[in-house]
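Just follow the structure's listing: the first ligand is 1, and inside any ligand the first atom is 1.
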Amino acid sequence: MTRKIVIAGNWKMNTTLEEGLQLATSIRNKTEKTTDLDIILCPPFTHLHPVSQCLENSAIQLGGQTLHMQEKGAYTGDISGTMLRQVGCAHVLIGHSEQRQYHQETNHSVREKYIAALKASLIPIVCVGESQEERESGQTFTVLETQLREGFQGIENQIQASCIIAYEPVWAIGTGLVATPQQAQEAHAFIRQTLKSITPYANEIRLLYGGSIKPDNFSQIIQQEDIDGGLIGGASLT
Ligand code: 13P
C-alpha cells in the first residue's frame with residue numbers, strides 16, 4: 001500500500017500576519033515543483049484568509065488548528081467548521097494535546113468535532129499521544145487505544161480513507177526530545193492495528209508523527225513502515 005506523504009506545519013500561536021505571509025510565500029516558492037507530497041499549513045485563525053489568498057493556485061493546502069463542535073451560535077471566541085471552509089481550509093486539527101491540556105479537549109469532544117468537521121467537508125487530522133508519565137508507567141498503548149476508541153465511538157462508519165491521524169507523544173512536543181524511529185514506528189504500528197478493528201480503511205489512513213521533528217531527525221522517522229508524514233511545530237516556522 002503506497003500512501004502519499006503528508007507534511008503538515010502547525011504554526012500554533014506564532015507569527016505576525018506579515019511573518020506568516022512571508023513564510024507561506026517562501027514555502028510556496030520552494031515547493032512549486034513538488035508533486036510527491038501533500039503539504040498542509042495550519043496558521044492561526046486570523047491568518048487563514050490572507051494565507052489562503054497567498055496560496056491560491058498552489059497545491060499547498062490549509063488547515064485550522066481546531067474548530068467548535070456546533071455550526072453556529074453563542075460561543076464567544078470559537079470558530080465553526082463552515083467558517084474554516086469558507087476561508088479556504090481543507091483540513092482541521094482535532095484533539096491536539098495543547099487543546100487537551102489548555103482547552104478541556106476530551107475524547108468525547110474529539111468525537112463531536114470529528115462529526116462537525118465532516119459536516120463542513122473538512123478532512124480531520126486527529127491527534128493522539130501519551131504523556132511522559134503514561135509512557136513511563138507502561139500505559140502508552142492503553143492511552144492510544146482509549147483515545148482512538150472513545151474518539152470514534154459510534155461513528156466508526158464515518159471514518160474515511162482520507163482522514164489523517166497524528167501520533168504526537170506529549171513528552172516530545174516542543175521539548176527537543178524526539179521519539180526514536182523505533183519508538184515512533186511501534187506506536188504507529190499499534191495505532192494502525194487498532195484502526196483495523198475499527199475501520200476497513202486502516203491501511204489507507206495516513207499516520208503522521210509529531211514531536212520535535214527537525215530536518216536532521218526526520219529522514220529516519222519517515223522511513224518507518226507505518227509513518228506517512230510529519231506534523232511539525234517549531235521547525236515549520238523556519
Ligand atoms: P514541535 O514540532 O514544536 O515539537 O510541535 C509538535 C506539534 O505539536 C505539532 O502539532
Side-chain angles (χ1 to χ4, degrees), residues 5-15 19-20 23-24 27 37-48 51 60-67 79 84 89-107 109-110 113-114 117 122-135 140 143-144 147-148 151 163-181 183-185 187-188 191 205-222 224 226-238:
I5 290 177
V6 182
I7 303 292
N10 175 8
W11 296 2
K12 307 192 180 186
M13 197 173 72
N14 291 300
T15 73
E19 288 163 351
L23 183 57
I27 293 170
L37 298 175
D38 281 337
I39 301 172
I40 305 167
L41 302 183
C42 303
F45 288 143
T46 49
H47 299 10
L48 284 169
V51 169
I60 300 173
Q61 299 166 54
L62 210 56
Q65 294 180 12
T66 184
L67 80 170
I79 299 283
L84 293 176
C89 287
H91 295 80
V92 62
L93 299 176
I94 300 176
H96 191 281
S97 69
E98 285 148 16
Q99 283 286 318
R100 292 181 191 258
Q101 187 178 355
Y102 304 123
H103 292 276
Q104 293 85 43
E105 186 90 286
T106 61
N107 297 334
S109 65
V110 165
K113 290 181 178 187
Y114 183 90
L122 294 167
I123 297 174
I125 305 177
V126 177
C127 305
V128 295
E130 81 288 359
S131 67
Q132 179 150 23
E133 207 182 359
E134 289 162 343
R135 173 160 283 265
T140 298
V143 169
L144 294 177
Q147 288 174 337
L148 291 169
C163 111
I164 296 173
I165 311 254
Y167 168 62
E168 298 206 311
V170 180
W171 48 272
I173 297 179
T175 57
L177 285 176
V178 63
T180 64
Q183 281 173 325
Q185 165 57 24
H188 280 237
I191 290 169
I205 290 173
R206 290 174 295 176
L207 306 183
L208 315 185
Y209 169 79
S212 296
I213 290 178
K214 300 277 179 308
D216 61 358
N217 61 34
F218 192 56
S219 59
Q220 279 207 336
I221 290 176
I222 193 61
Q224 305 301 309
D226 287 294
I227 302 183
D228 310 309
L231 178 54
I232 306 166
S236 75
L237 298 171
T238 47

Under a plain distance cut-off of 3.5 Å, with no hydrogens placed, do Glu168 and His96 share a side-chain donor-acceptor pair?
yes
Which atoms of ligand 1 sit under 4.0 Å from any heavy atom of Gly234?
1 (P), 2 (O), 3 (O)
Numbering as shown, the atoms of ligand 1 that approach Lys12 to under 4.0 Å (heavy-atom distance)
5 (O), 6 (C), 7 (C), 8 (O)
If the plane angle is over 60° it's perpendicular, under 30° parallel, otherwise tilted; pick one for His188 and Tyr209.
tilted
Show which atoms of ligand 1 fall inside a sub-4.0 Å distance from at least one heavy-atom site of Glu168.
6 (C), 7 (C), 8 (O), 9 (C), 10 (O)
Provide the number and element of each atom of ligand 1 under 4.0 Å from a heavy atom of Gly233.
1 (P), 2 (O), 3 (O), 5 (O), 6 (C), 9 (C)
Between Glu105 and Ser109, do the side chains contain a donor N or O and an acceptor N or O under 3.5 Å apart?
yes
Is there a side-chain contact between Lys12 and Ile173 in this structure, where contact means two heavy atoms from C-beta onward sitting under 4.5 Å apart?
yes
Test item: Val170 and Arg100 side chains (from C-beta on) under 4.5 Å apart, heavy atoms
no
Could you tell me whether Asn10 and ligand 1 have an N or O pair separated by under 3.5 Å?
yes
Out of all atoms in ligand 1, which are within 4.0 Å of some heavy atom of Ala172? Include the element for each.
4 (O)
Heavy-atom nearest neighbour of atom 4 (O) of ligand 1 within options Cys127, Ala8, Gly174:
Gly174
Classify the contact between Ile173 and ligand 1 as side chain, backbone, both or neither, using a heavy-atom distance cut-off of under 4.0 Å.
both
contact_flag Ser212 ligand 1 heavy-atom lt 4.0 Å
yes
Partner of Ile164 under side-chain contact (heavy atoms from CB on, under 4.5 Å), chosen from Ile125, Asp228, Ile94
Ile125
Sub-4.0 Å heavy-atom contact, Ser97 with ligand 1:
no
Qualifying residue for side-chain contact (heavy atoms from CB on, under 4.5 Å) with Cys89, from Leu67, Ile123, Leu84:
Leu84
We want to know whether Glu133 and Trp171 form a side-chain donor-acceptor pair, criterion being a heavy-atom distance below 3.5 angstrom.
no
Short list, please: which atoms of ligand 1 are under 4.0 Å from a heavy atom of Leu231?
9 (C), 10 (O)
